[in-house]
Amino acid sequence: MTTLGLIGSGPWSDRYVDAARNVGVEIGDRVRGRDAEACQKMLLVVQAGGLDGVIVATEPDHQAAMGLACRRHNVPLLVEKPFGVTRFIAELALAQSWSAAAPFFVNYVHLWAREFLWLRRYVDLARAGDSVIESIESVGCGPGPVRGWSTLHDYGSHDVAMVLSVLGLGAEIEWLEGTTRQQNGGQLHRLVGRSGGVKVSVLCGNGAEKKERRLTVRFRDGRSREVTYDGTAEHKYLVNGAPLQVAVEV
């Protein structure tokens, strides 16, 4: 049986325990906590060996320290987004990912949503034909929570991950403008950019009145066409505004 270590506390950490149980994976060592002391305890477990992988569900500052330690010991790693909040940490992790033998995975959960995978399939088929992406619009916001790091990293990392996933391997976004407004005790960020000929817009943050998680891809092919993933709606997959049922597997 696969045996994992888990560091973290709170409801999201508990979800990992449930998910592991559902697929027959054992959580052999669990360290409850998000601070440096908890990370040190898990590091001792990693150094002792015997784990098939580690799940890191802590706050960004300690994610990076714990994650990079796992990389040094070639322990497979699943870490919650955003894996640190500085460019230095991201580049260091990328460099280590090329040199280490064990896999390293940052969990952007929406990338694995069934309906988002159907959107990706629709886009790939459309691009293989005569369609060109004109724009991608992503909205990810809600009424809180207030955390110890920017909502650009908390909410916005999901938006950017999905946009880059749609654009494809090697895509880059040039951000042209951005605004921030204080609202409902939080912040809302609006970003506008381009990736080649594709217009990209993102609205994200914790200052919204209700929770939204929506991404829409529009095409330029002589006819009005768009496909949407709506993570908070009852029907999460829409083509030209009409909800469609999707198969269990993509």
Side-chain angles (χ1 to χ4, degrees), residues 11-12 15-16 18-20 22-23 78 80-82 105-145 151-152 154-173 175 188-250:
W12 195 255
R15 290 184 185 180
Y16 276 116
D18 294 336
N22 290 338
V23 296
L78 170 63
E80 269 303 301
K81 59 82 185 172
F105 185 82
V106 180
N107 184 25
Y108 291 97
V109 64
H110 292 284
L111 297 184
W112 308 105
R114 180 179 59 182
E115 290 82 1
F116 179 75
L117 291 173
W118 272 87
L119 178 144
R120 281 282 314 277
R121 182 183 184 184
Y122 184 103
V123 170
D124 290 345
L125 290 173
R127 296 176 78 180
D130 61 350
S131 297
V132 175
I133 297 177
E134 179 177 59
S135 66
I136 304 176
E137 178 184 1
S138 186
V139 177
C141 52
T151 53
L152 278 173
D154 190 19
Y155 278 94
S157 58
H158 283 302
D159 297 277
V160 173
M162 288 193 291
V163 170
L164 289 175
S165 178
V166 169
L167 290 172
L169 188 65
E172 296 183 0
I173 303 171
W175 297 110
L188 283 178
H189 308 275
R190 184 175 294 278
L191 309 173
V192 176
R194 299 196 72 84
S195 179
V198 180
K199 181 180 178 181
V200 177
S201 64
V202 170
L203 177 65
C204 64
N206 60 357
E209 295 183 356
K210 64 178 183 177
K211 186 175 181 178
E212 293 185 78
R213 169 55 65 198
R214 185 174 64 257
L215 181 133
T216 298
V217 181
R218 296 183 177 89
F219 296 91
R220 182 176 66 250
D221 55 8
R223 49 184 167 159
S224 178
R225 187 154 58 131
E226 66 179 35
V227 59
T228 299
Y229 162 66
D230 191 332
T232 58
E234 178 181 358
H235 300 289
K236 296 177 171 54
Y237 180 68
L238 303 93
V239 176
N240 294 331
L244 297 178
Q245 295 293 329
V246 299
V248 174
E249 300 295 336
V250 175

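What you are looking at is a predicted structure, and each value in this text was computed from that prediction instead of being measured. Atoms considered below: every heavy atom in the structure, side chains included; atoms not considered: hydrogens, waters and symmetry mates.
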Exercise. Should Leu244 and Tyr122 count as side-chain neighbours, where that means a heavy-atom distance under 4.5 Å?
Worked result: no

For this session: Apply the test side chain to side chain contact (heavy atoms under 4.5 Å, CB included) to residues Leu238 and Val227: give CA-CA distance (whole Å), side-chain angles for both, the deciding distance (0.1 Å), then the verdict.
Result: CA-CA 6 Å; Leu238 303 93; Val227 59; over 6 Å; no

Exercise. In a check of side chain to side chain donor-acceptor pair (under 3.5 Å) between Arg213 and each of Thr232, Asp230, Asp159, which one passes?
Worked result: Asp159

Exercise. Which heavy-atom pair separates Asp154 from Pro145 by the least distance, and what is that distance?
Worked result: OD2-CG, 4.3 Å

For this session: Go through Asn240 and Thr228 one step at a time and tell me if the side chain to side chain contact (heavy atoms under 4.5 Å, CB included) criterion holds.
Result: CA-CA 8 Å; Asn240 294 331; Thr228 299; over 6 Å; no

Exercise. Just wondering, do Val166 and Ile133 contact through their side chains at under 4.5 Å, heavy atoms?
Worked result: yes

Seminar exercise, completed: In short, Phe219 meets Ala126 closest at the heavy-atom pair CE2-CB, 3.7 Å

Seminar exercise, completed: Contacts of Glu80 meeting salt bridge (Lys or Arg N to Asp or Glu O under 4.0 Å) (sequence neighbours excluded), chain-then-number -> none

Exercise. What class does the angle between the rings of Tyr229 and Phe116 fall in, given that below 30° is parallel, 30 to 60° is tilted and above 60° is perpendicular?
Worked result: perpendicular

Exercise. What is the minimum heavy-atom distance between Ala161 and Leu111, and which atoms define it?
Worked result: O-CD2, 3.7 Å

Exercise. Yes or no on side chain to side chain contact (heavy atoms under 4.5 Å, CB included) for Ile136 and Leu215, after CA distance, side-chain angles and deciding distance?
Worked result: CA-CA 7 Å; Ile136 304 176; Leu215 181 133; 4.0 Å; yes

Exercise. Once the angle between the rings of His158 and His110 is folded into 0 to 90°, is it parallel (under 30°), tilted (30 to 60°) or perpendicular (over 60°)?
Worked result: perpendicular

Exercise. Taking C-beta and beyond as the side chain, do Val198 and Arg194 meet within less than 4.5 Å on heavy atoms?
Worked result: no

Problem set entry | No-hydrogen, no-angle side-chain donor-acceptor test under 3.5 Å, Ser131 and Arg225 | yes

Exercise. Salt bridge (charged side-chain N to carboxylate O under 4.0 Å, His left out) between Arg214 and Glu137: does it pass, once the steps are laid out?
Worked result: CA-CA 8 Å; Arg214 185 174 64 257; Glu137 178 184 1; 5.2 Å; no

Exercise. So, for Leu188 and Cys141, which heavy atoms are closest and what is the spacing to 0.1 Å?
Worked result: CD2-CB, 3.9 Å

Problem set entry | Minimal non-hydrogen separation, Gly241 against Glu226, with atom names | N-OE2, 4.5 Å

Problem set entry | Side chains of Val246 and Arg114 in contact at under 4.5 Å (non-hydrogen atoms) | yes

Problem set entry | Candidate list Glu115, Glu234, His235, test side-chain contact (heavy atoms from CB on, under 4.5 Å), partner Pro243, passing option | His235

Problem set entry | Interatomic spacing from OG in Ser157 to CE in Met162 - rounded to 0.5 Å | 9.5 Å

Problem set entry | Side-chain touch Asn206/Tyr155, heavy atoms, less than 4.5 angstrom | yes

